[in-house]
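See below for the structure under consideration.
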Amino acid sequence: MPSKRNAIAALKKLETERLALDKRKRELEEKASLELGRAILGTGIETFSKKGLVKIATELGKLGEEDAIARLVDKSGSASLSPQRP
C-alpha cells in the first residue's frame with residue numbers, strides 16, 4: 001500500500017508544480033508582451049490594425065530575422081518599395 005500513497009502524493013506534487021509553472025508562464029508572457037510593445041511603440045507599426053499586425057508578425061516569423069530584414073530593406077539601407085520574390 002505505501003507505493004500507492006507515494007504515487008498519489010507524487011501526482012499531487014506534480015499538479016501543484018504544474019499550477020505554479022502555469023502561473024509563472026503567464027507572468028513571463030505578460031512581461032514579454034510589455035517588452036515587445038515598448039519595442040514597437042514609435043516605429044509607426046503601432047498604427048496598424050491588430051489583424052494586420054498578427055498577419056505581418058506571422059509572416060516575418062516564418063522568414064526569420066535575417067531574411068525578413070533582407071527582404072524589407074535594400075542594400076542602401078532604405079525600405080524596399082517593390083516586393084521581392086524568393
Side-chain angles (χ1 to χ4, degrees):
M1 285 294 227
S3 64
K4 286 187 180 180
R5 285 187 175 200
N6 287 339
I8 292 170
L11 283 172
K12 286 182 180 180
K13 182 180 176 187
L14 282 175
E15 179 63 17
T16 300
E17 291 172 354
R18 186 187 64 75
L19 291 172
L21 285 173
D22 287 347
K23 180 181 177 188
R24 180 71 176 138
K25 180 183 176 189
R26 286 189 303 273
E27 291 168 354
L28 289 172
E29 287 173 341
E30 180 70 25
K31 287 181 181 181
S33 296
L34 290 171
E35 288 178 22
L36 290 169
R38 287 184 183 119
I40 288 174
L41 286 175
T43 65
I45 288 182
E46 72 274 10
T47 62
F48 290 26
S49 70
K50 183 178 177 181
K51 184 178 178 180
L53 281 172
V54 170
K55 187 172 183 177
I56 290 168
T58 300
E59 294 304 316
L60 290 175
K62 289 177 187 176
L63 290 173
E65 183 176 2
E66 289 182 20
D67 195 26
I69 291 170
R71 288 175 183 240
L72 291 171
V73 179
D74 66 22
K75 292 180 185 186
S76 69
S78 61
S80 176
L81 298 177
S82 60
Q84 295 180 2
R85 305 273 179 203

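Just so it is clear, the model here is predicted, and its values are computed rather than measured.
Not counting sequence neighbours, the partners of Glu65 by the side chain to side chain contact (heavy atoms under 4.5 Å, CB included) test are Ile69. Taking the side chain to side chain contact (heavy atoms under 4.5 Å, CB included) definition, one finds that Arg38 meets it with Leu34, sequence neighbours left out. With sequence neighbours left out, the side-chain hydrogen bond (donor to acceptor under 3.5 Å, both in side chains) criterion links Glu30 to no other residue. Residues meeting the salt bridge (charged side-chain N to carboxylate O under 4.0 Å, His left out) test with Lys62, sequence neighbours left out: Glu59. Legend: residues meeting side chain to side chain contact (heavy atoms under 4.5 Å, CB included) with Ala57, ordered by chain and number and at least two apart, are absent. The side chain to side chain contact (heavy atoms under 4.5 Å, CB included) search around Lys23 returns Arg26, Glu27, not counting sequence neighbours.
Contact between Gly52 and Ser49 at its shortest, heavy atoms only, is N-OG, 2.9 Å.
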Distance-only donor-acceptor pairs under 3.5 Å for side chains of residues 13-21, two or more places apart:
from: Glu15; atom 1: OE1; to: Arg18; atom 2: NE; distance (Å): 3.3
from: Glu15; atom 1: OE1; to: Arg18; atom 2: NH2; distance (Å): 3.4
from: Glu15; atom 1: OE2; to: Arg18; atom 2: NH2; distance (Å): 2.6
from: Thr16; atom 1: OG1; to: Lys12; atom 2: O; distance (Å): 3.0
from: Arg18; atom 1: NH1; to: Asp22; atom 2: OD2; distance (Å): 2.7

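Rounding to the nearest 0.5 Å gives a distance of 11.5 Å between CG of Leu36 and CG of Leu53. Put simply, CG on Leu60 and CG on Asp67 are 10.0 Å apart, with the number rounded to the nearest 0.5 Å.
Pairs passing the salt bridge (Lys or Arg N to Asp or Glu O under 4.0 Å) check and including a residue from residues 39-55, sequence neighbours excluded, do not occur.
No single ILVMFWY cluster, assembled from side-chain heavy atoms under 4.5 Å apart, contains both Leu63 and Val54.
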